[in-house]
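We name chains A, B, ... by the order of the sequence lines, and we start the count at 1 in each one. Computed from heavy atoms alone, side chains included, the values below leave out hydrogens, waters and symmetry copies. Please read these numbers as outputs of a predicted model, since none were measured by experiment.
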Amino acid sequence: MNNTMTNEIDLSVNIGGIRMKTPVMVASGTFGYGPEYADLIDFNQLGAIVVKGICLEGTKGNPTPRTVEVTSGLINAIGLQNPGVEGFVRNYMPFLRQFDVPVIVNIWGKTVEEYEEVAARFDQVEGVAGLEVNVSCPNIKEGRGLFGTNPDMFRRVLSAVRTRTRLTLIPKLAPDLSHIGSFAKAAEECGADALSLINSIPAMAIDVETRRPKLGNVTGGLSGPAIRPIAVKLVWEAAKAVKIPMIGIGGIMNANDALEFMIAGASAVAIGTANFTDPGTAMKVTAGIRSYMERHSLTHIKQVVGTVKT
Amino acid sequence: MNNTMTNEIDLSVNIGGIRMKTPVMVASGTFGYGPEYADLIDFNQLGAIVVKGICLEGTKGNPTPRTVEVTSGLINAIGLQNPGVEGFVRNYMPFLRQFDVPVIVNIWGKTVEEYEEVAARFDQVEGVAGLEVNVSCPNIKEGRGLFGTNPDMFRRVLSAVRTRTRLTLIPKLAPDLSHIGSFAKAAEECGADALSLINSIPAMAIDVETRRPKLGNVTGGLSGPAIRPIAVKLVWEAAKAVKIPMIGIGGIMNANDALEFMIAGASAVAIGTANFTDPGTAMKVTAGIRSYMERHSLTHIKQVVGTVKT
Amino acid sequence: MQLEEARIVQHTEVQGGYRLLVMDAPGIAPQVKPGQFVHLKVPHLGEALLRRPFSIFKAGEGRLSILYKSIGQGTNTMKYLQPGESLDLIGPLGNGFPIPAEDTLPALVAGGYGMAALYLAARTAPVRGLAFFGGRKSDDILCVDEFEALGWEVRIATDDGTRGKKGLVTAVLDEWIGQKGPAVVPEFFACGPNPMLKAVADRAAAGGWKAWVSVDRNMCCGVGACLTCVQKIRTPDGGWTWHRVCREGPVFESREVVWDE
Amino acid sequence: MQLEEARIVQHTEVQGGYRLLVMDAPGIAPQVKPGQFVHLKVPHLGEALLRRPFSIFKAGEGRLSILYKSIGQGTNTMKYLQPGESLDLIGPLGNGFPIPAEDTLPALVAGGYGMAALYLAARTAPVRGLAFFGGRKSDDILCVDEFEALGWEVRIATDDGTRGKKGLVTAVLDEWIGQKGPAVVPEFFACGPNPMLKAVADRAAAGGWKAWVSVDRNMCCGVGACLTCVQKIRTPDGGWTWHRVCREGPVFESREVVWDE
Ligand SMILES: Cc1cc2nc3c(=O)[nH]c(=O)nc-3n(C[C@H](O)[C@H](O)[C@H](O)COP(=O)(O)OP(=O)(O)OC[C@H]3O[C@@H](n4cnc5c(N)ncnc54)[C@H](O)[C@@H]3O)c2cc1C
Ligand SMILES: Cc1cc2nc3c(=O)[nH]c(=O)nc-3n(C[C@H](O)[C@H](O)[C@H](O)COP(=O)(O)OP(=O)(O)OC[C@H]3O[C@@H](n4cnc5c(N)ncnc54)[C@H](O)[C@@H]3O)c2cc1C
Ligand SMILES: Cc1cc2nc3c(=O)[nH]c(=O)nc-3n(C[C@H](O)[C@H](O)[C@H](O)COP(=O)(O)O)c2cc1C
Ligand SMILES: Cc1cc2nc3c(=O)[nH]c(=O)nc-3n(C[C@H](O)[C@H](O)[C@H](O)COP(=O)(O)O)c2cc1C
Ligand code: FES
Ligand code: FES
């Protein structure tokens, strides 16, 4: 497109081959499979929609209670309840294809083979732009302990998935890694097109009166503004290690928060928990980024990304 | 003592040989070396005082700004400014010896030898009850990257320190460990008498207007209520791995928060950031624990520790 | 379902910590069905992020009201809301109660604020029946006059006996079930604590009657996206599946519900 | 230094967003020296944890007052404080200003709320001198009458020229320095933004005079425990060491200060 006037603001980004109108996406697990928010907001104004984690055959997830509110955050232990690849494609893809917005499917499995199989199936599905590979869910044993924090398994699962799909591949990293740079680098080497970080952080809350955990699953993942400074740090670390674009996630409530991630090195951001507070957050963040750029006389969002002066 | 009446509430704990009147301590770096809070609270009502991290020769620490307030938390990058062993012993120990409260010295070094040397020096100092070995400071390269998160170095430094002191040895673990249980176990095997967890979590904040980090040191450590659910989870994990007592730290603002840690498995707790909000927090927490026990007809604090029903 | 900035027009204490909040909500109000709820963003809630769900008590002429009790951080903060302030709502949400079947006598069963969820059902029911109200003490028994004004016969029980019969609401319910002739086929509409709902479900199952129960579950998104509020619901094959209380509920036919939590 | 629950007795807007908060604080008030401050816990601050430091504007008869400007989350929340509410204070904190030396003419230099830190110094100074007030616009020039009533000659500059001379406070200061006879030996007492303090320090150094500057640094504990508020201070050996603004400061003799940040 060479008709962009120089004093127009261009928010479009290219995340590993997926072209988005705005760098502001919605995060997996906080936006369902789409229909839930369709009455409330205009999907065409989103950068991308990342749907809730899908595995091969689907699963019922964890017992209740599944979420608990904590100081400036939320702990969730949904347990990746999902209808499986077939159920998702049949029930939700026709709906999602109506919109002019990239759909990224968050995928997971209990074995390397299951990850591969899920990736292979989606490779054939019309309307899917990319796969976010969840190797970091704090709520299933296999998610984090096995694939997300063990460097060998991490490489194995990503390499395997890479061979089975031409879709944009976006590993989603675990947040409790003391050396996130090495995982980011490994992902890049395995052929990842972009990275998502962070997932919610392992956490726990106990009802002191009953002495029972507040979640059916005992532990869960902390999300929301409480984790933002931790997430910004990890994005900044990872940005130093790789060239592929990053999607910054973690406690973004407004445009300033999003800009913090982008200045630290994220090319896009995803809104998670804030959707529960205000389903219109993504649009407000896009508008806020636009006015920030106006105020700072910036014309392209690239002039923001990774510009932190350290 | 066998004159304790059965319906009296006994809050005393023994943390690796240190006897405390209450399980509520104050955390390193948030209570200076003592004199700072002497006008405001009665030290004799504290379980123990853990002083700011001390290294062999002292250091000037990081440039300013050194702390920044974030959502439900604080990021600090003090950089372990301290007067060194001699300076501390000369300037502060006479003052601290006046009180009937155990003094625990938080120690660190840049090499295994420095850790050893500091430990050996304190072994001779009257009035020091224990050493909290800081291998987890997010604000100096050596603290975390080298000793806190590398299993081999972690064992080396703890074994070395153990050979040089008979004082109660309390390693303070890094919080961004995906397998904290194995570090806790390693510490126990190296002869640790107790464990402290957690230290502040690596974090970062950026001023989006200037695009500069909000801290002179670029990154720092997040503390305060934002991190509490993460800390409770780590304490619960570590409790499953070891038999030695644990000191739970992270965002404790009131008695309920403290009880959450204790029910998860901590034998004592330490108040950090909350001292800045209210220097009387530790006493209020002790009082709150007492009334909780009354309400639940518990007579000894041991009846609380590790009783989470999972 | 829509997002709406509602304007508070009235905010008054009813009794014993229960408050009535009336809002101008011309978008949401006309869409409301009995038993639906709104998801309300409490302003100035500091470190608490989530919205709070409240049954729609009344709706009409562009206005909505809710009746709430202060029990925690959110509802305590709500006390300070002033007429003129705006409130961010999502609603109406949930499926709501069905219209009572022909040839049945509707029987409402409410515990505490449960009556708020039942008022619109009471107003729109083609036949007036009985309303059973339970609570801990007399302060928990609300708006009896209003139900009576609609033509309902109200029977009351309180745990401490300060109003009506002493005991659980099931005491007055059982009394009536024992007295009523066999020709009277009740259809229950219940809202209250889950143990009360189960007790009503048991009565209905024993008598072979229908009971519609509005389940109370902690919510997060309120619209079906997060899978927090799930309830086990029987499937035809003898198994179960999760339904979202905020989307497929909050009202379920009681025989569908697996009461194991 | 002590912890005290102070009771608000008056809270009024002075002008342009500056507010005066008067409290009953019988414990702290009698201990106050000019230039000290209190560390105030703002109630209902939600997800913000830290106290905020404010210079003690006036102290006497068991009362304390501060003069503050709303610039962020804490000071905006403070606007809603009502007489009768309690406020948790730690104070008095810091070293405060020394008494002007004999044979000098005290010259106060204030930027914005800086005059609040100087009022008690003005009241207790053995000799009345001049007070130079600077601000962005006329709204930032406060309490001129009160300084004049104490016998001080006030000279004013504003960035936009809406009150006094147009320009920085150093403009009126330099004017006076140029005019005053050589027999007049000024001693400066300054509080305001750090660049202003440095400008005053430069004048003092050039003339060979003393300047006492009250440094503004973000604070955390306020009592010396956390090492947040440190300032580089020269050591006799030509090096430097950190001093804590909250404990060894906020007032430093300007030649001691290393102005590199
Ligand atoms: C469909 C539905 C309709 C409701 N209608 C009404 C009504 O008409 N009037 C009324 O007074 N209350 C009603 N409630 C309950 C009301 O939502 C809670 O009282 C309120 O959320 C408590 O919030 P809090 O911050 O004061 O309590 P806290 O205990 O501080 O809240 C902590 C968290 O738990 C959740 N929570 C606490 N109690 C409940 C509960 N009983 N149900 C669901 N979530 C809870 C909160 O939403 C919040 O996320 C309804 C609940 C549901 C699910
Ligand atoms: C010794 C001393 C005396 C002061 N006296 C006065 C006074 O008399 N009147 C007055 O209006 N202000 C005074 N200030 C400044 C006052 O503390 C800040 O305006 C206030 O902290 C801003 O808080 P906020 O939450 O509104 O701002 P925010 O910007 O939201 O605060 C965020 C954080 O930054 C800190 N902060 C922001 N600005 C300043 C600042 N200028 N100085 C120190 N910390 C800051 C806050 O304490 C808080 O921790 C003084 C500061 C110091 C250090
Ligand atoms: C209720 C809930 C469900 C989630 N489900 C998933 C999921 O299925 N897959 C995934 O990769 N991340 C999932 N996440 C993590 C989010 O996508 C996001 O990484 C995390 O919440 C941090 O962002 P936030 O602080 O903005 O919420 C979930 C988060 C929440 C709160
Ligand atoms: C300003 C500040 C300085 C700290 N200095 C030290 C230190 O010197 N050594 C150490 O082991 N921990 C240090 N800590 C970490 C605390 O002891 C504690 O582990 C952490 O803050 C989490 O607890 P909290 O959330 O209650 O503050 C410091 C924390 C803060 C906020
Ligand atoms: S509350 Fe999110 S699905 Fe019901
Ligand atoms: S603010 Fe803590 S040392 Fe000064």
Participant: In terms of heavy-atom pairs under 4.5 Å with chain C, which of A:Gly224, A:Gly73, A:Gly280 leads?
Facilitator: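 The residue among A:Gly224, A:Gly73, A:Gly280 with the greatest pair count is A:Gly73.
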Participant: Out of A:Gly61, A:Gly32, A:Ser72, A:Pro35, return the one with the most heavy atom pairs under 4.5 angstrom to chain C.
Facilitator: A:Ser72
Participant: Hey, mind stepping through A:Ile289 and A:Val24 against side chain to side chain contact (heavy atoms under 4.5 Å, CB included) and telling me if it holds?
Facilitator: CA-CA 10 Å; A:Ile289 293 177; A:Val24 188; 3.9 Å; yes
Participant: With ring centroids as reference points, do A:Tyr33 and A:Phe88 lie under 6.0 angstrom apart?
Facilitator: yes
Participant: Would you please say whether a donor-acceptor pair under 3.5 Å links the side chains of A:Glu132 and A:Ser196?
Facilitator: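 Result is yes, a qualifying pair exists.
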Participant: For chain A, which of C:Val223, C:Leu3, C:Leu49 has the most heavy-atom pairs under 4.5 Å?
Facilitator: C:Leu49
Participant: In terms of heavy-atom proximity below 4.5 Å to chain C, should A:Val68 be classed as side chain, backbone, both, or neither?
Facilitator: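 Neither part.
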Participant: Check the pair C:Phe57, C:Phe37 against ring pair (Phe, Tyr, Trp, His ring centres under 6.0 Å), reporting the backbone distance first and the verdict last.
Facilitator: CA-CA 9 Å; C:Phe57 174 42; C:Phe37 67 96; over 10 Å; no
Participant: Taking side chain as everything from C-beta outward and backbone as N, CA, C, O, which of these in A:Thr30 sits under 4.5 Å from a heavy atom of chain C? Side chain, backbone, both or neither.
Facilitator: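 Just its backbone gets close to chain C.
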Participant: Examine whether an atom of C:Leu45 lies under 4.5 Å from a heavy atom of chain A, and if so say whether it belongs to the side chain, the backbone or both; otherwise answer neither.
Facilitator: neither
Participant: Is A:Tyr37 close to chain C through its backbone or its side chain, or both, or neither, when contacts mean heavy atoms under 4.5 Å?
Facilitator: side chain
Participant: With a 4.5 Å cut-off on heavy-atom pairs, point out which of C:Arg244, C:Met219, C:Arg52 contacts chain A the most.
Facilitator: C:Arg52
Participant: A:Thr59 and A:Leu80: which non-hydrogen atoms are nearest, and at how many Å?
Facilitator: CG2-O, 3.3 Å
Participant: Under 3.5 Å, is there a donor-acceptor pair linking the side chains of C:Ser70 and C:Thr75?
Facilitator: no
Participant: Taking every non-hydrogen pair under 4.5 Å, which of C:Arg247, C:His39, C:Gln73, C:Gln2 racks up the most with chain A?
Facilitator: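 The residue among C:Arg247, C:His39, C:Gln73, C:Gln2 with the greatest pair count is C:Arg247.
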Participant: Would you say the side chains of C:Thr235 and C:Thr241 form a donor-acceptor pair under 3.5 Å?
Facilitator: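 Side chains of C:Thr235 and C:Thr241: no pair found under 3.5 Å.
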